[in-house]
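Each chain gets a letter, A, B and so on, in the order the sequences are listed, and its residues count up from 1.
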Amino acid sequence: MKIATFNINGIKARLETFTSWLESAQPDVVLCQEIKSVDEAFPRQPIEDLGYNVETHGQKGFNGVAIVSKLPLEDISRGLPGDDSDEQARWIEATVVGDHTAVRLCGLYLPNGNPVDFDADGQPIRDGKYGYKLDWMDRLHARAKVLMAEEMPALMGGDYNIIPQSEDAANPKAWEKDALFLPTSRQAFRAILNEGFTEAFRARTQAPGHYSFWDYQANSWERNNGIRIDHFLLTPQCADLMTDCWIERDVRAMTKPSDHVPVWIELDA
DNA sequence: ATGCCTAATGGAATTAGA
């Protein structure tokens with residue numbers, strides 16, 4: 001079972017890029033982020049015509065997540081638990097059944113968190129957009145603990161907006177005061193990992209220089225000024241099924257590309 | 001230090017991304 005996570009940066013602007021990628025790459029499942037569309041406006045038909053089921057959790061203008069799958073999607077759940085007042089569409093779950101076992105799939109678009117305000121001691125202040133990011137990560141942690149306790153194959157994949165280590169940025173110095181790389185952000189990410197999750201890509205290699213995002217600005221792609229912020233976290237039961245994990249770098253060179261590329265895992269499920 | 005570029009909204013300039 002080949003599963004990809006892909007921040008597509010607007011499904012309506014990216015439809016041709018996305019469908020041509022689907023046709024050639026043939027993923028079994030795609031966790032999509034930043035669909036930037038309400039559910040009713042999501043262009044389901046051209047994707048369904050390629051043999052995929054579509055489940056969306058959209059909102060107007062920004063954010064929005066979806067799951068696109070050749071396999072039937074069961075027990076759909078929309079929205080990250082823990083705050084009924086949160087109106088941002090950043091979380092969707094579904095179960096797929098493979099040849100051997102069922103896998104619970106969680107697709108997520110973690111808040112960016114910039115800009116960050118700092119106090120007189122240079123410490124980040126937990127308010128505004130950065131406060132929302134950390135609060136959202138606390139809720140993610142809570143959901144992750146429940147998944148872990150269920151002792152089933154499950155994964156959380158998506159745009160985490162977290163640069164886990166210096167090795168995950170071409171120019172880590174430039175990100176020191178950024179919500180994606182602040183120690184408090186990385187600590188919150190590690191706290192989730194430390195529940196017992198496997199970060200799929202780092203289970204394959206410790207090598208630096210592997211990125212999943214290159215800014216549209218300042219010729220970042222041409223200069224390979226990238227960061228690795230799209231991740232898969234696996235429960236132990238899911239990690240046992242993993243046969244491979246890789247980043248499909250070349251997608252960034254397609255016509256009208258997203259600023260992110262797909263990250264893949266293969267499961268013997 | 002800031003903007004660079006792109007998408008959505010709404011029908012121009014602003015918000016948001018990272």
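Under the rule for a side-chain hydrogen bond (donor to acceptor under 3.5 Å, both in side chains), the partners of A:W21 that lie at least two apart in sequence or sit in another chain are A:E248. The side chain to side chain contact (heavy atoms under 4.5 Å, CB included) check on A:A179 picks up A:N114, A:V116, A:Y130, A:K133, with sequence neighbours excluded.
Taking the six-membered ring for Trp and the full ring otherwise, the centers of A:H231 and A:F201 sit at least 6.0 Å from each other. Taking the six-membered ring for Trp, A:F189 and A:Y160 have ring centres closer than 6.0 Å.
Counting only residues at least two apart or in different chains, salt bridge (charged side-chain N to carboxylate O under 4.0 Å, His left out) contacts with residues 188-199 of chain A comprise A:E199-A:R228. Counting only residues at least two apart or on different chains, the salt bridge (charged side-chain N to carboxylate O under 4.0 Å, His left out) pairs with a member in residues 85-114 of chain A are A:D86-A:R139, A:E93-A:R104, A:E93-A:R143.
Heavy atoms of A:A13 sit under 4.0 angstrom from primed sugar atoms or phosphate atoms, though from no base atom.
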Task: Test ring-ring contact (aromatic ring centres under 6.0 Å, His included) applied to A:F6 and A:H260, step by step - done: CA-CA 7 Å; A:F6 193 0; A:H260 296 249; 8.4 Å; no
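The distance from atom CH2 of A:W214 to atom C1' of B:dT6 is 17 Å, rounded to the nearest whole Å. The interatomic distance linking A:F18 (CZ) with B:dA7 (P) rounds to 16 Å, in whole Å. Taking atom NZ on A:K177 and atom P on B:dA1, their separation rounds to 11 Å, with Å as the unit. Taking atom CZ of A:F42 as the reference point, atom P of B:dA8 lies 12 Å away to the nearest angstrom.
Within residues 162-171 of chain A, no residue has a heavy atom under 4.0 Å from DNA chain B.
Taking atom C1' in both B:dG10 and B:dT15, one finds a spacing of 13 Å when rounded to whole Å. Rounded to whole Å, the separation between the C1' atoms of B:dA7 and B:dA12 comes to 16 Å. If you take atom P in B:dT2 and the same atom in B:dT6, they sit 22 Å apart, rounded to whole Å. Taking the P atom of each, B:dG11 and B:dA1 are spaced 37 Å apart, rounded to whole Å.
Considering CG of A:D259 and CD1 of A:I8, their distance stands at 11.5 Å, rounded to 0.5 Å.
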For nucleotides 12-18 of chain B, which of its nitrogen or oxygen atoms have a protein nitrogen or oxygen under 3.5 Å away, and what is each distance?
from, atom 1, to, atom 2, distance (Å)
B:dG17, OP2, A:K129, NZ, 3.3
B:dA18, OP1, A:E34, OE2, 2.9
B:dA18, OP1, A:D159, OD2, 3.3
B:dA18, OP1, A:H260, NE2, 3.4
B:dA18, OP2, A:Y109, OH, 3.0
B:dA18, OP2, A:N161, OD1, 3.4
B:dA18, OP2, A:N161, ND2, 3.0
B:dA18, N9, A:N112, ND2, 3.3
B:dA18, N7, A:N112, ND2, 3.2

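Residue A:M152 is not grouped with residue A:V96 when hydrophobic side chains (ILVMFWY) are merged at heavy-atom distances under 4.5 angstrom, including chains of intermediate members.
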